[in-house]
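Note: hydrogens, waters and symmetry copies are ignored here, and every other heavy atom, side chains too, is used. Every value quoted in this text rests on a predicted model; they were computed, and no experiment measured them.
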Amino acid sequence: MDNRPPELPGWMTGEEVYIPGKDKSAFVNKSILSVLGLLSRIKTQDTKAASKYMPHAVFMVFGTLLLVVLLSFSRGFTFPMVALVYLLVLLAFMDGRAIRSILKVSLIAALGSALVLLPAALNGSAFTAVLITGKVFAGITAVNLLSHSAKWNDISAAFKRFLVPDLFIFVFDITVKYIYMLGDYLLNMLYALKLRSVGVNRNKYASLSGIGGNLFLRSSEMAGDMYGAMECRGFTGKYRAVKRFRISPADLLFIGANLAIVIAFIYLGRVKK
């Protein structure tokens, strides 16, 4: 009886040398980085600790809305310049990463407005074009300052104190949560696409279309689950602001600054220069 082990075939004993071809995956990598940046921004915004040097979200929301309204009604350069100086002072109290992020978004929005208004400027309306561009820059900066300084749930509570309809608060609150959950689901799918793309994968864009369809189906499924959960818990669509707060020195300073902005608008807002 032959007790010798069977011989393995040659293709199993031979050395396998596989060098995958170089493939371009910059689009997938950029998408992953973009989603990661968005998720980290939302997570940081939702878990940041309240600072005693920052005013309460109620005053910040009111001050931001007030400044945007006053900017829209101003007729000259004087008041927008005063508002920009005020916003730059507020920016000075933030860290460098937040300042860079805020100014980046504001500059992009201002550049887009300038490109849209360029034909009007060339036709003799340069004053209006520059004025609107400056207002857009100041308004976007004010809104970004609010989003970087207050938590999302504090902003929702501030809306309730200003008697904003519950439907608007519900849409705002659910949108932020859905962006985070769907962003996390999208990130996992992008990781799976990258790990399975060994060598040259010429079907990445077809896979991305499949990811978009899968994300839509997932969002529809989550909407049904959320409706069932809210129905089981007796949610009626009503929000209550039960959190009380005391006015701090930072709140008083912020209120004084907004009063100064209103006075500046009364004396300078209608000056056409």
Side-chain angles (χ1 to χ4, degrees), residues 34 37-38 40-42 44-46 48 50-51 53-118 120-121 126-152 154-156 158-159 162 164 172 175-176 179 250-251 253-271 273:
S34 300
L38 177 62
S40 62
R41 166 76 186 282
I42 295 177
T44 303
Q45 192 75 12
D46 193 46
K48 65 170 57 176
S51 175
Y53 300 106
M54 296 299 296
H56 194 270
V58 173
F59 301 109
M60 295 179 65
V61 170
F62 178 77
T64 302
L65 295 177
L66 177 65
L67 183 61
V68 171
V69 171
L70 295 181
L71 282 170
S72 63
F73 281 101
S74 61
R75 302 173 61 183
F77 284 112
T78 308
F79 178 74
M81 292 300 295
V82 173
L84 282 174
V85 172
Y86 166 69
L87 293 173
L88 290 177
V89 171
L90 293 181
L91 276 174
F93 290 96
M94 307 192 70
D95 60 284
R97 183 177 300 179
I99 293 174
R100 183 170 61 251
S101 176
I102 292 172
L103 292 181
K104 179 181 178 181
V105 176
S106 301
L107 289 174
I108 292 176
L111 180 60
S113 301
L115 292 177
V116 172
L117 296 172
L118 183 60
F127 175 85
T128 303
V130 175
L131 179 61
I132 294 177
T133 302
K135 288 182 178 181
V136 169
F137 179 82
I140 297 298
T141 302
V143 174
N144 279 324
L145 273 169
L146 173 64
S147 66
H148 280 77
S149 304
K151 294 182 180 180
W152 298 113
D154 291 338
I155 295 177
S156 300
F159 286 156
F162 292 133
V164 175
F172 174 79
T175 299
V176 174
I179 289 175
D251 297 332
L253 182 61
F254 188 77
I255 293 173
N258 281 274
L259 289 177
I261 288 294
V262 173
I263 295 173
F265 173 77
I266 294 174
Y267 287 97
L268 304 174
R270 299 183 178 275
V271 179
K273 64 178 180 178

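- Here F159 pairs with F168, F172 under the ring-ring contact (aromatic ring centres under 6.0 Å, His included) rule; sequence neighbours left out.
- Between the CG atom in L71 and the CD1 atom in I132 there is a gap of 12.5 Å [rounded to 0.5 Å].
- Contact detail for A142 and L67: the closest heavy-atom pair is CB-CD2, 3.9 Å.
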What donor-acceptor contacts under 3.5 angstrom involve side-chain atoms of residues 259-266, with partners at least two apart or in another chain?
none

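- The side chain to side chain contact (heavy atoms under 4.5 Å, CB included) test applied to V130 returns F77, not counting sequence neighbours.
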- Message: Could you go through F62 and N258, starting from their C-alpha distance and side-chain angles, then the distance that decides it, and tell me whether this counts as side-chain contact (heavy atoms from CB on, under 4.5 Å)?
- Response: CA-CA 9 Å; F62 178 77; N258 281 274; 5.7 Å; no
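- Here the shortest heavy-atom pairing between A138 and L84 reads CB-CD2, 3.7 Å.
- In this structure, V85 and M81 have side chains that are not in contact, with every pair of non-hydrogen atoms separated by 4.5 Å or more.
- Taking R97 as the reference, D95, R100 meet the side chain to side chain contact (heavy atoms under 4.5 Å, CB included) condition, with sequence neighbours excluded.
- Between S74 and K135, the shortest heavy-atom distance links the atoms O-NZ, 2.6 Å.
- Shown here for M60 and L145, the closest heavy-atom pair between the two residues is CE-O, 4.4 Å.
- Distance CG/N144 to CG/L91: 9.5 Å, rounded to 0.5 Å.
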Donor-acceptor pairs are to be reported for all side-chain atoms of residues 102-113 against protein atoms at under 3.5 Å, with residues two or more places apart or in another chain.
from, atom 1, to, atom 2, distance (Å)
S106, OG, I102, O, 3.0
S106, OG, T141, N, 3.4
S106, OG, T141, OG1, 2.8
S113, OG, A109, O, 3.1

